[in-house]
Amino acid sequence: MGVFLDQFLNQTVLAKYTPLILKGAGVTVILSIMIVLAGIALGALLACLRAYRIKPLSFLIVVFADVMRALPPLVLILLVYFGLPNLGVVLSSFTVLFLVLSLVLAAFAEEIVWAGITSTPKGQWEAARSTGLGFTQTLGFVVLPQAVRMVIPPLTNRAIAITKMTALGMVIGVPDILGQATTAQSFSANASPLTLAAVAYIVIFLPLVIASRWLEQRFTQKGH
Amino acid sequence: MSARTINGGPPSTATLSVRALHKSFGSIEVLKGIDLHLQRSEMVFVLGPSGSGKSTMLRCCNLLEEPDSGAILIEGDKLTGPGVNLNKMRQRIGMVFQSFNLYPHLTALGNVMLALRRVLKMSRDQAEAVAMTALDDVGLSNRAGHYPSQLSGGQQQRVAIARALALKPTVMLFDEPTSALDPELVGDVLDVMRDVKEKGMTMLVVSHEMKFARDAADRVVFMDGGVIVEQGPPEQIFGAPTQDRTRAFLSRFNG
């Protein structure tokens, strides 16, 4: 028991590295917010573009979404971080992580929002067009609001899953929670910073998981 | 006397003209040359067995279905052809659907206001005033804040009528407006349609409400197999149809 406490909950180590983990938590939160905003916005935009059914454009969107969903995000992260400098493009590890995870979330969000758009009844389009609304207006004011309501639960779940992957930033040196914790762990030769990291992740993500459950219930009850 | 000569008057003065309309779905020709002209304030009922093409004909009138050939004219202005602003033309053609098609994420008021705001570019206050008047006309101003899911089928259909009427269309199309309703809710919708007619609206109605057609229609058109078989005043069509197909169809309803 003493060994366990010393290894995972060492008071001295905890006290020393808490500020660092908190700093890392700040980075994780900021990154997560940026990824969710950019990823969902881009995904919704792509789904809307696909609604115009311009064949070459739709094809490109589908290829993008499928490739991004097929590749393990870690592969993409390494590829961009270590590959792009050879082409003369040097991005910070923070930027690489943001870009890659935003694109991955966008790919999933595109598929989810697209499913919402296609499951909106045809009669909604017809009613709107019959009143003189254009295609884009119908999409924006009638179809998209319904589609988004329909897909909020899967979208929330996916957003949580992707933002948790910010922990992958550790491998390219992003100073997020896990990045800070692993650094602290190697300096202190003690696992307590990792315990702190786990606690920090739970503090950040558990409320989101609970919120997504609440959203899911709310939007299934309404049953539009 | 051919059926065509009793089409009310020459096409140029008609409020809604359907000329030589053809439409096929794949290899099936659904409309085989329809000519129909509605005069101002006329209410024309279209009857016919399912598959006769009557709904397709109606949906061609605002180009929800694209005709293969022929023309649709509103007060002499063509709906088809190059250079036509379809969205502008559609403001002149109101449509009411069998399944109401209200926007579920908007209140009754929001449903009526949307096109006023986004198509006619009215201010919020102006659109709200017009929409409230339209809801009042169908007896539902007290339900303005309700969502479609909180309204009965009959109320939803009346909101849908208000949504179309608020744009002050030249002609109104009704595609089986009471077919999806419980019997006890049909009367309210028919009463509203009667009001609309009394205010002088030009109306083209596809429906199986025979009694209403007999009471309220100015003219009844019987379609079968993609053509107009017979048309005339309701007392003639219901009382003394000249065509066998019309008689056979009507006997199924009366018998």
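The chains referred to below are lettered A, B, ... by the order of the sequence lines, with proteins before strands, and numbering in each begins at 1.
Looking only at distances, a side-chain donor or acceptor of B:His105 sits under 3.5 Å from a matching main-chain atom of A:Phe141.
Of the atoms belonging to A:Gln137, it is side-chain heavy atoms, and not backbone ones, that fall under 4.5 Å from chain B. Residue B:Leu86: no heavy atom, backbone or side chain, is found under 4.5 Å from chain A. Contacts of B:Arg59 with chain A are made by side-chain atoms alone, with heavy-atom separations under 4.5 Å and no backbone atom involved. Both the backbone and the side chain of B:Tyr103 come within contact range of chain A, each with at least one heavy atom under 4.5 Å from a heavy atom of that chain.
In terms of heavy-atom pairs under 4.5 Å with chain B, the best-connected choice from A:Gly123, A:Gly134, A:Gly132 is A:Gly132. Your options are B:Leu167, B:Leu106, B:Asn101, and the one with the most heavy-atom pairs under 4.5 Å with chain A is B:Asn101.
The 12-atom threshold is not exceeded at NZ of A:Lys55, counting heavy atoms of other residues, nucleotides or ligands nearer than 6.0 Å. Heavy-atom neighbours of A:Arg213 CZ from other residues, nucleotides or ligands within 6.0 Å: at or below the threshold of 12. Around atom OH of A:Tyr52, more than 12 heavy atoms belonging to other residues, nucleotides or ligands sit under 6.0 Å away.
B:Asp175 CG to A:Ser130 OG: the interatomic distance, rounded to the nearest 0.5 Å, is 11.0 Å. Here the CZ-OG1 distance, from B:Arg163 to A:Thr131, works out to 7.0 Å after rounding to the nearest 0.5 Å. Distance check, rounded to the nearest 0.5 Å: CG of B:Asn87 to CZ of A:Arg129 gives 5.5 Å.
Inter-residue side-chain proximity for B:Arg90 and A:Leu133 is flagged as unmet; no heavy-atom pair is nearer than 4.5 Å. At least one side-chain heavy atom of A:Gln124 sits less than 4.5 Å from a side-chain heavy atom of B:Pro104.
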